[in-house]
Every structure is written in C-alpha cells, then in structure tokens.
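Written out below as structure tokens is the structure these notes cover.
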Amino acid sequence: VSLLLLLWFQPEFTVVLLIWITATYLICIRIPQLNGNPRVRVMAYFMLVSLGILLLSKYAPGLYQSIYTLSAIGFGKHGYEDILVPIGVSYFAFRFMHVIADAYRGQLARYGFVEFCSYCLFFPIILAGPIERIQHFMENRESRFSWSSSAAGIERIGLGLAKKLFLVNFLLIGLVDRSVVDAFSVSPEESVSLVRLWLFLLLSFLIAYLDFSAYSDIAIGTSRLFGFRIAENFRFPIFRRNLSEFWQCWHISLSSWCRDYVFLPVFASTRNLYVALFASMISIGLWHDISVNWLIWGALHAAGLSILKRWGGLYQRTGLGRGPVGHALGVVFTVLFVSWVFAFVAIPEFDTALRVFLYAASGFKL
C-alpha cells in the first residue's frame, strides 16, 4: 500500500527511493563483515551519498528558481512551481543513516528485505514523522488484529483532527496578526506595540506546536490501525520548566536521533559539551530547511541550552526553581524564549525576522 501511494504521488522519486532502499539493505548486510578502513570507508561513502541526496532535494527548488529567472531572456521553459521536493526525503535520509550507523556498530539485527521495505516505506510516517527507529518499529508490531488497538488508533486520529481542524484552523489561525510582519517590513518598528508583537510570536509558536503534534497524532493513530505502535513525538513540551526538558519532549524522534548520531559522536571526539550542543542544534535546524533562518534558530537554541548548562544550577540553588511557583516561572520563561526564537521560523524573510527578534528583545527589559 505504501509503495502504491508513493508511485501515485511521485513515481520518479519512488524509483530512486527503491534503489536507495536496496543499496541500504545490501550495505547493512555487508558492512558487519568488513574490518578496519574498508568498513569506515563504506559507511562514510554511504553517509555522504545520503546527505548529498538530502541536500540536493533541499537546495533544488532555490537553484531552480535562480535558473528560472533567466527564462525572461530565453532560458528555461518551466516555472518554479513545476519542481517537486521528494516526499519525506528528510525522514528517509535520517532513517537510512540510522540503520547504517547501527549496522556499523554491530547493533542492527538481521531483517528480511520485505520487512526492511515495510519499515522504510511505511506511509503513515512519511510526511510528518516521527523518525522511527527500525528496532522500535519491529519490536512494537502486533501479531494479530486487536479491537482495542484499533479503537485507540481511531481515538488518536480523532484527537489529531480536533487539534488541526478545531484548535488551529477554526480558533487560533484567525487570531494571528500578520500585519505585524508587514509593519516591520515597510515601516519603523515603533509603529508596532510590544504586546501585539509578542502575541504574534506566542500564537505563531502555539499554532506550530498544535499543528505538528496533530499530524503526529494522526500518524500514530493510523499506525495503530495497521498494528504498529510507533514512537511518541511530543510530550506536552509547552509545560516544561526549562529548555533542556523542553527538548526532551519536543520532536522527540528528531532530538533523540541528533543526540545519538550527532551530539554523542561530536562530544566523544572533541570532549567539548558546547561544541556538541551547537553541532546538534544546528543539525536540527538545517534538517527542517537549509536556510539562514533555520541555522540561526538552531544556534540560538544551542546558546540557550549552553546558558542553562552553565548557570542553570544557580537558578535551582537560589530556590527560585523549586516548588509550584518556581515550576510556573520556568514554564513561562521557556515558552517566552522558544516563542522569541520562533521569529526566524514564523517569518521567512531574514531581514524582517531579525528586526522582529531584536525589537521583541526590548520586551525583556520592561
């Protein structure tokens, strides 16, 4: 079913994907049999190829747009809208790099080709994740039909639809004042009040959270209908008392992936916690989109985590971080910081996003 859906939507990419899957499977079988430099080289080459496919897919629209601008003088015949980014290419790339890394470490069990294809192509998690690990996927599948699992799946799909259709589309999205962005792009910042600006940032972040978690709910619920208990992706991150706890509950599959395959290797090689933090968070940012906005978003989150690591203990020792009041203050500060940094996500134009970000910072001085 997954293969037919992919062939229906993007037949060209599906052919490339099947070749990619087959090559990954064969390397997973072969790499444990190698030793020394050949083993390292095979893994390195595969990682570079996978990253190359991912980067090409991310860069292709912008590159094509640049070429399309020449069409006015006779170069190019098709519009920018004609190019399609491969469906779920980021999720595919991270899944394949995960299985190769685990095969290299000797941590990957031997699976049949059909099982491996089912894991790679499983359609509920192609568009919005989570980035399911193959071990979790295989270990949490059910052997027979269960009414209780189906009921739980339908309930979870209903929750996701309620978030998306009612909370986001009906209640919240109409409250976002996009004139704030327009004001910052064409007129002096002083024409916008800090209250309007912060309301825009907070609502934009809240909508993004509810929207993304809604898709995760639908993916998890649909997976239950097929007998798979895939990993949770959100655990109420907006109620966490600091940025570290927030990232333990926000986009869990991506943050845990970067912890295992970026943070730990970088920390092991550099013995520098802060370098590893910046490498991980920037990787998370660029995974979403290869742009200056997402790079800065990742770097700012890394800076926030670094500050928390360096001085967070002082906050606890003073007693401010203890008890219900301390927890509530931590939640408020965390949501404010995450919403503030979200300016670079909510506003695609970098110059405007930077002006909003800097002007919003004056709100912390009040």
Side-chain angles (χ1 to χ4, degrees), residues 44 47-63 85 88-98 100-101 129-131 201 204-205 208-209 212 233-234 237 240 242-312 334 337-354 356-358 360-361:
M47 293 294 188
L48 288 174
V49 170
S50 296
L51 282 173
I53 295 173
L54 177 59
L55 293 175
L56 180 63
S57 301
K58 294 286 189 179
Y59 273 126
L63 178 62
V85 176
V89 64
S90 299
Y91 290 101
F92 286 124
F94 272 43
R95 245 176 266 158
F96 297 155
M97 288 190 283
H98 139 65
I100 290 296
I131 306 173
L201 292 175
S204 297
F205 167 68
Y209 161 61
F212 195 6
N233 219 15
F234 294 90
R240 304 305 164 181
N242 59 54
L243 195 59
S244 178
E245 292 183 3
F246 172 87
W247 273 106
Q248 292 170 21
C249 302
W250 172 274
H251 207 337
I252 300 169
S253 61
L254 176 60
S255 58
S256 63
W257 192 99
C258 284
R259 178 199 63 207
D260 293 343
Y261 300 109
V262 179
F263 177 85
L264 291 177
V266 171
F267 181 68
S269 60
T270 64
R271 295 298 175 184
N272 189 309
L273 175 66
Y274 303 106
V275 171
L277 277 175
F278 273 87
S280 299
M281 299 312 300
I282 289 175
S283 296
I284 290 175
L286 295 179
W287 177 86
H288 288 88
D289 186 34
I290 299 174
S291 67
V292 175
N293 285 43
W294 280 104
L295 186 149
I296 292 178
W297 175 88
L300 288 171
H301 271 276
L305 289 167
S306 299
I307 292 170
L308 179 66
K309 181 65 178 178
R310 184 68 179 85
W311 289 292
T334 301
F337 176 82
V338 173
S339 301
W340 180 40
V341 174
F342 199 75
F344 290 99
V345 177
I347 306 171
E349 299 78 15
F350 173 73
D351 292 342
T352 305
L354 182 60
V356 168
F357 176 79
L358 294 176

Ignoring hydrogens, what is the shortest heavy-atom contact between Ile131 and Tyr91? Give both atom names and the distance. CG1-CD2, 3.5 Å
Take Asn293 and Glu349, measure what side chain to side chain contact (heavy atoms under 4.5 Å, CB included) needs, and give me the verdict at the end. CA-CA 8 Å; Asn293 285 43; Glu349 299 78 15; over 6 Å; no
Run the side chain to side chain contact (heavy atoms under 4.5 Å, CB included) check on Leu54 and Ser50 step by step: do they pass? CA-CA 6 Å; Leu54 177 59; Ser50 296; over 6 Å; no
Spacing of Arg240 atom CZ and Thr334 atom OG1 [to the nearest 0.5 Å]: 11.0 Å
Might you work through the side chain to side chain contact (heavy atoms under 4.5 Å, CB included) test for Phe278 and Ser306, ending with a clear yes or no? CA-CA 9 Å; Phe278 273 87; Ser306 299; 3.7 Å; yes
Between Ser253 and Asn233, what is the shortest heavy-atom contact and its length? OG-OD1, 2.8 Å
Rounded to the nearest 0.5 Å, what's the gap from CG on Leu243 to CD on Gln248? Could you check? 10.5 Å
With Ile284, the side-chain contact (heavy atoms from CB on, under 4.5 Å) member among Trp294, Trp250, Trp297, Trp257: Trp297
Tell me whether the centres of the aromatic rings in Tyr261 and Phe94 are closer together than 6.0 Å. no
Quick one: CZ on Arg259 to CG on Leu264, what's the gap to the nearest 0.5 Å? 7.0 Å
When rounded to the nearest 0.5 angstrom, what is the spacing between OG1 in Thr352 and CD1 in Ile347? 6.5 Å
In terms of relative ring orientation, are Phe357 and Phe344 parallel, tilted or perpendicular, with 30° and 60° separating the classes? tilted
Distance (rounded to the nearest 0.5 Å) between Leu300 CG and Leu295 CG: 9.5 Å
Looking only at non-hydrogen atoms, find the nearest pair between Leu277 and Ala302 and report the distance. O-CB, 3.9 Å
Would you call His98 and Asp260 a side-chain contact if the rule is heavy atoms closer than 4.5 Å? no
List the steps, then state whether ring pair (Phe, Tyr, Trp, His ring centres under 6.0 Å) holds for Phe263 with Trp247. CA-CA 13 Å; Phe263 177 85; Trp247 273 106; over 10 Å; no
Calculate, to the nearest 0.5 Å, the distance between atoms OG and CZ belonging to Ser269 and Arg271 respectively. 9.0 Å
Apply side chain to side chain contact (heavy atoms under 4.5 Å, CB included) to the pair Leu254 and His288, showing each step before the final yes or no. CA-CA 10 Å; Leu254 176 60; His288 288 88; 3.8 Å; yes
Which atom of Ser283 lies closest to which atom of Val262, heavy atoms considered: OG-CG1, 3.9 Å
Note: Ala299 and Ile282 closest approach over all heavy atoms is N-CG1, 4.0 Å
Considering non-hydrogen atoms only, spot the tightest contact between Gly304 and Phe337 and give its length. CA-CZ, 4.0 Å
